[in-house]
There are 2 protein chains.
Amino acid sequence: MDDIGQKRRLGRRSTPHRGVRIQEVAKLAEVSTATVSRALASPQRVSPEKRARVLEAIAKTGYTPNLSARSLRSQKTGMILVVLPDLANTFFSRILRGIEETLFEAGYGMIISDLDGSPEKEAHFAAFTAAGRVDGAILLNGHLFGQSRDGQGRAAEIDMPIVALCESIPNADIPQIEIDNRAAARKMTQYLASRGHRRILYVSGPTGNVLERERYRGYRDGLRRAGLSFEPELVVPGDYTIESGMQAGRFIVEQRRRPSAVFCTSDEMAIGLIRVLLSAGIRVPQDISVAGFDDIEFAVVAEPALTTIRQPRQELGRAAASALIALLQKQETPRLIRLETELVIRDSVAEPRPSRDGRG
Amino acid sequence: MDDIGQKRRLGRRSTPHRGVRIQEVAKLAEVSTATVSRALASPQRVSPEKRARVLEAIAKTGYTPNLSARSLRSQKTGMILVVLPDLANTFFSRILRGIEETLFEAGYGMIISDLDGSPEKEAHFAAFTAAGRVDGAILLNGHLFGQSRDGQGRAAEIDMPIVALCESIPNADIPQIEIDNRAAARKMTQYLASRGHRRILYVSGPTGNVLERERYRGYRDGLRRAGLSFEPELVVPGDYTIESGMQAGRFIVEQRRRPSAVFCTSDEMAIGLIRVLLSAGIRVPQDISVAGFDDIEFAVVAEPALTTIRQPRQELGRAAASALIALLQKQETPRLIRLETELVIRDSVAEPRPSRDGRG
DNA sequence: ATGAAAGCGCTAACAC
DNA sequence: GTGTTAGCGCTTTCAT
């Protein structure tokens with residue numbers, strides 16, 4: 001006790017820390033600090049008797065290791081950075097939960113960075129990462145730190161375990177976890193065609209987005225396989241938000257020659273679009289069928305209930321976290337993990353009603 | 001260079017860190033490490049000339065301070081813990097964004113803990129906090145660490161800046177940021193009554209929840225002020241989820257004597273409930289009016305568009321973060337901050353249709 | 001205004 | 001299996 005008291009006095013800290021330190025535990029258990037440390041980190045390497053004494057001393061003192069110190073010494077932080085474009089987007093929350101669960105089980109914590117479209121933030125988090133504050137990162141934003149920026153930020157130099165989730169990152173030699181967007185979009189397009197639709201409007205995601213590129217290809221594939229011709233005027237831009245779905249809806253309402261089915265590449269857009277259609281007196285699915293993508297929680301309670309593509313969101317999160325953990329443990333991990341999607345048939349898609357110009 | 005090279009060799013680190021260290025910058029700028037440190041932390045205390053040299057050296061080397069070391073030395077982490085009950089709940093994402101924004105502006109990072117109803121996790125994060133890994137915490141879960149648990153976890157001893165957001169924590173001497181749930185619920189109940197409803201069913205939140213207690217009181221208040229009598233059978237349990245709203249909906253469908261209006265204490269429940277009503281052939285609002293609470297993104301695109309109470313979610317997050325930052329800076333902060341709510345009138349509430357038994 | 005040097009609390013290399 | 005001890009990289013006191 002005296003020793004510690006003295007040490008305290010000698011220390012030059014400005015804000016005295018009230019926590020118990022490893023020394024105190026060691027003293028109480030009558031072992032060295034190394035033994036206390038080992039008893040915690042690798043119990044099997046300490047004799048049962050001493051281990052018991054250490055554990056007792058820890059319980060008695062309420063000791064919790066200082067993680068900054070541990071970090072500094074071991075060069076590990078136990079923290080993973082999760083970078084995503086928009087925290088407020090429903091789509092991400094379930095994914096986050098999957099990530100969090102898995103990381104937690106493996107003893108890691110999660111630091112979230114909501115990019116919010118700000119390059120400034122991105123630079124900040126790149127620095128953050130470089131500062132050794134995290135052991136690895138999961139990127140949901142479709143590019144590496146500093147990529148698509150000039151070389152001035154040295155972000156690109158970051159060298160640590162990273163995985164890409166959902167939005168794959170081309171040319172990056174890191175594990176990518178995703179769904180087969182192209183196949184999923186093709187599946188939906190073919191389904192729509194199989195119900196008899198011949199004029200299928202496509203509401204896209206943001207231009208340049210990898211997801212969008214793949215889904216668009218899938219749409220074209222589906223059209224081709226169904227023997228339908230592609231018509232450029234049947235592609236309407238969107239950005240996955242409710243608002244952009246509503247805009248697409250307004251566009252459709254104003255048209256003379258309407259599609260018989262609409263394939264929205266997100267559920268949010270589908271829900272917004274349906275709302276506008278309904279308000280304009282266009283019935284769904286009697287007048288126009290609408291399909292979504294993602295199968296968010298609200299898809300099933302939408303009116304009408306949404307026919308959509310289910311993404312295994314929580315599993316995606318878990319898979320990404322697992323891949324990252326494998327990397328951290330220097331284990332082998334596949335470069336590409338593709339999770340299955342499922343066509344979920346509900347009520348928003350029906351046969352087209354017979355149209356005046358002969359066929360759907 | 002030689003010195004550093006030598007130091008490296010002498011060091012016993014297992015995983016050589018490739019980052020640039022402060023020494024290297026100091027050497028290049030021909031100043032001491034202390035000057036480098038000061039140039040970063042308090043520029044005005046360093047002569048402009050040396051500061052410029054330091055900055056140049058930093059740019060040249062790409063130096064980023066190691067935050068674990070800084071933490072260890074300064075006893076500050078620059079990290080805030082945000083504890084919330086359910087990350088996958090739409091309601092929280094906007095709040096999180098508000099928190100994140102404000103923390104970011106103040107130079108803090110955010111660590112999220114999704115409790116997910118697990119006391120084990122709670123204990124973990126309590127330990128985490130005790131381990132000096134964060135400088136403060138924002139609690140969205142309605143209780144302090146370890147509260148409502150026996151004294152064995154010494155979590156209660158945690159002594160750091162904490163604020164409670166949304167779910168206030170009784171008897172805790174910490175800033176609380178919330179809306180006036182009671183007044184909001186009263187406002188909605190009175191509005192429903194003003195439209196002519198006399199049998200207003202209340203779908204509650206989880207029992208024991210502070211929010212629920214307040215909203216329930218507001219409902220009773222509203223009834224009283226409108227001169228309506230309270231009827232116990234018009235209270236149906238819920239837990240804010242879509243699913244529980246659907247259950248409440250099924251309950252209503254099975255009743256002979258149905259309410260003319262339903263006040264759901266969350267939008268999710270309202271949307272789930274409407275879905276069930278619609279499926280059973282009960283029209284909303286013609287047959288039954290339904291009101292929600294929160295004004296989530298989907299409220300406006302629901303069919304019918306939801307009449308609800310708007311909570312300023314992002315502002316709540318910002319206010320909580322601001323209060324915490326004030327605390328961290330030892331500034332005064334009000335113990336209670338109440339943000340205004342707003343009654344948002346859309347299409348899910350109408351006058352009751354004349355009923356057989358004479359009045360609504 | 002600046003530098004020297006003492007640690008922050010811990011882990012791991014090394015010696016036994 | 002256990003103890004001794006040297007740092008991890010930084011900030012800050014103290015002395016100048």
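In this structure, B/Arg45 does not reach the C/dA1 phosphate: none of its side-chain N or O atoms is under 4.0 Å from OP1 or OP2.
Looking at which nucleotide of DNA chain D each of B/Ser68 and B/Ala41 is closest to, the 5′-most match is held by B/Ser68. Map B/Lys50 and B/Ala69 each onto its nearest nucleotide of DNA chain C; the residue landing nearer the 5' end is B/Lys50.
Put simply, CG on B/Leu40 is 17 Å from P on D/dG9, counting in whole angstrom units.
Out of D/dT2, D/dC8, D/dG9, the shortest distance to the side chain of A/Arg73 is found at D/dC8. Residue A/Pro65 has its side chain nearest to C/dC10 when only D/dT12, C/dC10, C/dG3 are considered. Comparing D/dG3, C/dG9, C/dA12 against the side chain of B/Gln75 picks out C/dG9 as the nearest. In this structure, the nucleotide among C/dC10, D/dT11, D/dG9 sitting nearest to the side chain of B/Thr33 is D/dT11. You'll find that the side chain of B/Ala34 is closest to C/dA4, out of C/dA12, C/dA4, C/dC10. Taking every side-chain heavy atom of B/Thr35 into account, C/dT2 is the closest of C/dC8, C/dT2, C/dA5. Listed nucleotides: D/dG9, D/dG3, C/dA1. Nearest to the side chain of A/Arg38: D/dG3.
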Next item on the list: Please lay out, stage by stage, how A/Gln176 and A/Glu167 fare under the test side-chain hydrogen bond (donor to acceptor under 3.5 Å, both in side chains).
Entry: CA-CA 8 Å; A/Gln176 319 241 4; A/Glu167 298 202 30; over 6 Å; no

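B/Glu105 has a carboxylate O that lies under 4.0 Å from a charged side-chain N of B/Arg318, or vice versa, which qualifies the two as a salt bridge. Taking a cutoff of 4.0 Å between a charged side-chain nitrogen and a carboxylate oxygen, B/Glu30 and B/Arg53 do not qualify as a salt bridge.
With A/Ile138 as the partner, the side chain to side chain contact (heavy atoms under 4.5 Å, CB included) test is satisfied by one option alone out of A/Ile162, A/Val163, A/Ile95: A/Val163.
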